[in-house]
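Along the sequence shown, residues carry numbers from 1. On a predicted model such as this, the values are computed, not experimentally measured, just so you know. Start at 1 and go down the list; that is how both ligands and their atoms are numbered.
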Amino acid sequence: MTKKLFVKTYGCQMNVYDSARMADVLAPLGYAPTDGPEQADMVILNTCHIREKASEKVFSELGRLRLLRAERGQPMIIAVAGCVAQAEGEEILRRAPFVDIVLGPQTYHRLPEMVAKAARAGGAVLDTEFPPEPKFDFLPPPQSDGAAAFLSVQEGCDKFCTFCVVPYTRGGEYSRPAAAILDEARELARQGVVELTLLGQNVNAWTSDGWGLGRLIREVAAIDGISRLRYTTSHPRDMDDDLIAAHAEVEALMPFLHLPLQSGSNRILEAMNRRHDRDTYLRLAERLKIARPDLALASDFIVGFPGETDADFADTLDIVAQVGFVQTYSFKYSARPGTPAANLPNQVPEPVKEERLAELQTLLLEQTKIFNQACVGKRMSVLLDRPGRRPGQLVGRSPYMQPVHVDDVGEYRGQVVEVEIAEVHPNSLKAVAVAAERKRA
Ligand code: 5AD
Ligand code: SF4
């Protein structure tokens, strides 16, 4: 009999990938995905620990699940996975003792054992080890149900930015071997995937047998059926010459790069241990745009890092104005227990953080709007991978990750279609189809 599995994902794309792989691991046990907790036999919260709010959400969701399970009077395995589990496993079992399984991001290949144990024993199963065996060696082939898929190539981080929990929750940098990645990419292409996003916490630190990410990108792009490639998230320090050259040479590589800058102040970048300064970033942005003139940059920013003055913040506004970003995520600094910056003096008062965030976001939003507006009348290729609200309408992503709606193209689902952008809506673009670029065999 099939059992129903509901996985709720918080945080980054790495978690989206992990959630899909957890479902793959549980499929042989008879679990099939469902889209809500109401009927689920097992619920996994795949959590994020990057900012305080993210972990608090998990505890409120756990409270709701407990009530739901009691009300419907039917068993439900409740599992907490991901980075909150890794960082606060014991704390979860203390605050939410009704949870059955707590597992870290490195142990989900052992989920079948944990489920069996949880079913047998009363009491929770906790597995937040960093096991010596890489989980990737134990995962079944990925199952993709769409034309776009993620492929995890690298995990963990050795950079130790002083604000960040990732080196602690995900561990040190680990690169999957090239052969395993290429096998997975071929398998996904066979399943009909045309767009691959190579994932890693520090994806451009990926290395295997003397290859760097630039080489890997060329090899993946050569796989039959893969016509669009992306990679995320990158560290400015790891953008090497070959990777920059790949932007010029590999047509399938989308002209869009998420390259977090965090701050425009050299003093703050130093205190953040970012290992680059504003000039290095500016030069890098310039080189990338020379390699691929239609390239657009995305970034993350933190305001109110400890010790950030008005002058430091002005440097951030200044560099944003110079570079121009088309998509951004910006946050108020949130002190994370166990990270060096949490103990720094000169924590910035909340109202100051709020004011700076509002000011920065106004500027960033303006840049996104200008970029979107400039797309009107332009032609671009869109991978139409999802149905829209209206019959015959499909939705997909532009090369720049903008959601694009196109009417009367129902038959092109899963294909890359050339469109002309017609209108800008608050959160998407509207386009008309010009021609289907390629048809699925
Ligand atoms: N406070 C605020 N933002 C943070 N980020 C990471 N750690 C923190 C923190 N402690 C942001 C960074 C990173 C993104 C994923 O989250 O901008 O690039
Ligand atoms: Fe965190 Fe810095 Fe590593 Fe990114 S590079 S995951 S911000 S420590």
query = Should the pair Glu219-Arg215 be classified as a salt bridge under the 4.0 Å nitrogen-to-oxygen rule?
reply = yes
task = Kindly confirm or rule out an N or O of Phe163 lying under 3.5 angstrom from an N or O of ligand 1.
result = yes
query = Do Arg397 and Val382 have side chains that get closer than 4.5 Å, going by heavy atoms?
reply = no
ask   = Would you call the rings of Phe136 and Tyr174 parallel, tilted or perpendicular if under 30° counts as parallel and over 60° as perpendicular?
value = parallel
inquiry  = Which label fits His276 and Tyr281: parallel for a plane angle under 30°, tilted from 30 to 60°, or perpendicular past 60°?
reply    = tilted
task = Between Ile50, Asp300, Thr339, Val166, flag the one that comes closest to atom 6 (C) of ligand 1 by a heavy atom.
result = Ile50
For [atom], what is the nearest protein heavy atom, given as residue, atom name and distance?
{"atom": "atom 3 (Fe) of ligand 2", "result": "Cys157 SG, 2.2 Å"}
{"atom": "atom 4 (Fe) of ligand 2", "result": "Arg274 NH1, 4.4 Å"}
{"atom": "atom 4 (C) of ligand 1", "result": "Ile302 CD1, 3.6 Å"}
{"atom": "atom 1 (Fe) of ligand 2", "result": "Cys164 SG, 2.3 Å"}
{"atom": "atom 1 (N) of ligand 1", "result": "Ser334 N, 2.9 Å"}

Give the atoms of ligand 1, by number and element, whose distance to some non-hydrogen atom of [X] is under 4.0 Å.
{"X": "Lys332", "answer": "1 (N), 2 (C)"}
{"X": "Gln262", "answer": "12 (C), 13 (C), 17 (O), 18 (O)"}
{"X": "Arg51", "answer": "1 (N), 2 (C), 3 (N), 4 (C), 5 (N), 11 (C), 16 (O)"}

inquiry  = Is the terminal nitrogen or CZ of Arg69 (NZ for Lys, CZ for Arg) located under 6.0 angstrom from the six-membered ring centre of Phe98 and within 45° of that ring's axis?
reply    = no
Any donor-acceptor pair under 3.5 Å from [X] side chain to [Y] backbone:
{"X": "Asp158", "Y": "Gly172", "value": "no"}
{"X": "Gln154", "Y": "Trp206", "value": "no"}
{"X": "Asp100", "Y": "Ile78", "value": "yes"}
{"X": "Gln347", "Y": "Pro306", "value": "no"}

query = Can you tell me if Cys161 has an N, O or S atom under 2.8 Å away from atom 2 (Fe) of ligand 2?
reply = yes
Atoms in ligand 2 flagged as close to [X], the criterion being non-hydrogen separation under 4.0 Å:
{"X": "Phe163", "result": "7 (S)"}
{"X": "Asn202", "result": "3 (Fe), 5 (S)"}
{"X": "Pro167", "result": "8 (S)"}
{"X": "His235", "result": "5 (S)"}

task = Might you work through the side chain to side chain contact (heavy atoms under 4.5 Å, CB included) test for His247 and Leu288, ending with a clear yes or no?
result = CA-CA 7 Å; His247 279 277; Leu288 282 159; 3.9 Å; yes
message = Measuring from non-hydrogen atoms of Met272 to any atom of ligand 2, is the shortest distance under 4.0 Å?
response = no
key: Derivation and outcome, side chain to side chain contact (heavy atoms under 4.5 Å, CB included), residues Lys332 and Glu354   = CA-CA 7 Å; Lys332 289 183 284 182; Glu354 261 154 37; 3.2 Å; yes
key: Residue portion contacting ligand 2 (non-hydrogen atoms closer than 4.0 Å) for Val165   = neither
